[in-house]
Structure formats: C-alpha cells, structure tokens
Amino acid sequence: MTNIYDVLLKQQNYKPVIGYCGAAKYICIFYDEDKEKALSEMQKYVSKHGFVTPDGKYTVVDVVLREREPTGKVVSITSYHKLFNHITGKRKGARGNDQSKNRLIRLQTRSAEPTPES
C-alpha cells in the first residue's frame with residue numbers, strides 16, 4: 001500500500017480565556033499519493049497565500065506535510081520550515097539544509113584552504 005500525503009494548514013484553537021489555547025486544528029488543502037506533487041502544491045500555496053487561510057481571514061501557525069497510511073494512521077508530520085527555506089522558498093536538501101548554501105560553503109572552504117608549497 002502506498003502512503004497518502006496531506007498538505008495541511010495548522011491553526012491554533014484559541015479560547016477566550018487568557019493564557020489558554022486548545023488543541024491544534026488542521027485544514028486540509030491538498031492530498032495525493034505522490035509526495036513530490038504534494039510538496040509542489042505546498043510550495044505553490046505558501047508562495048500565493050503565505051501563512052493565512054485561503055479566504056485571507058485567519059493566520060495559520062504553520063503549513064505542514066502529513067504522511068499517513070490508507071488506514072488513517074499518521075506516519076509523520078513535517079513543518080514547511082523543515083522542508084523549504086522560508087526566505088527563498090526553495091526546497092531544502094535531504095538533511096534539511098539548503099543545497100545552494102552548502103555549495104557556497106564548500107566553495108568558500110576550498111578557497112580558504114592553504115595551498116601546499118612544493
């Protein structure tokens with residue numbers, strides 16, 4: 001069986017009592033069995049709407065990718081900030097690092113290494 005990937009808006013359910021907030025509430029905006037398609041839709045949503053609901057009335061705490069089995073059992077929930085660079089909007093590498101940043105660091109360390117004298 002293949003897993004299903006949901007793109008969810010995470011809202012905090014606030015109560016009118018000062019200092020109390022209820023359990024998180026999720027709004028599903030997209031789901032698919034293809035993880036890359038779900039990630040693409042997640043990126044499109046954030047670039048178009050930012051961290052607000054589609055109607056623009058409420059802000060959301062986070063946009064998350066939930067991986068679940070067809071039975072409904074949740075395998076993982078990953079934050080947008082762990083998957084994408086929140087400034088550039090580009091996808092991070094497998095270890096959670098921005099690949100372009102890693103490339104720049106490698107180039108800088110190569111140029112900073114002393115050259116062996118013969």
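Excluded from the calculations below are hydrogen atoms, water molecules and symmetry mates; all remaining heavy atoms, backbone and side chain alike, are included. As the structure is a prediction and not an experimental result, all values here were calculated from the model.
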Could you tell me which non-hydrogen atom of Tyr5 sits nearest to which non-hydrogen atom of Asp34, and how far apart they are? CD1-C, 4.1 Å

Going through the checks in order, is the side-chain contact (heavy atoms from CB on, under 4.5 Å) test met by Gln11 and Tyr58? CA-CA 9 Å; Gln11 290 186 304; Tyr58 303 101; 3.7 Å; yes

For the residue pair Phe30 and Ala38, what are the closest heavy atoms and their distance? CE2-CA, 3.6 Å

May I ask you to test the Leu65-Ile77 pair for a side-chain heavy-atom distance under 4.5 Å? no

Over 60° means perpendicular and under 30° means parallel, so classify the ring planes of His81 and Phe51, tilted if in between. parallel

Ser76: what forms a side-chain contact (heavy atoms from CB on, under 4.5 Å) with it, not counting sequence neighbours? Glu67, Thr78

In plain terms, say whether Asp6 and Arg66 are close enough for a salt bridge, that is, a side-chain N and a carboxylate O under 4.0 Å apart. yes

4.5 Å side-chain heavy-atom contact, Leu39 and Arg91: yes

What's the spacing between Lys92 NZ and Leu83 CG if we round to 0.5 Å? 8.5 Å

Side-chain donor/acceptor of Ser47 to backbone N/O of Gln43, under 3.5 Å: yes

Positive for side chain to side chain contact (heavy atoms under 4.5 Å, CB included) with Val60, one of Thr53, Leu8, Ile27: Thr53

If you group Ile, Leu, Val, Met, Phe, Trp and Tyr by side-chain heavy-atom gaps below 4.5 Å, do Phe84 and Val64 land in one group? no

Kindly work out whether a path of hydrophobic side-chain contacts (I/L/V/M/F/W/Y, heavy atoms less than 4.5 Å apart) joins Tyr80 to Ile29. yes

Please list all pairs meeting salt bridge (charged side-chain N to carboxylate O under 4.0 Å, His left out) that have one or both residues in residues 37-49, counting only residues at least two apart or in different chains. Asp32-Lys37, Glu41-Lys44

Measuring from atom CE of Met42 to atom CG of Leu9, what distance do you get when rounded to the nearest 0.5 angstrom? 9.0 Å

How would you list, by chain and number, every residue that makes a ring pair (Phe, Tyr, Trp, His ring centres under 6.0 Å) with Tyr45, sequence neighbours excluded? His49

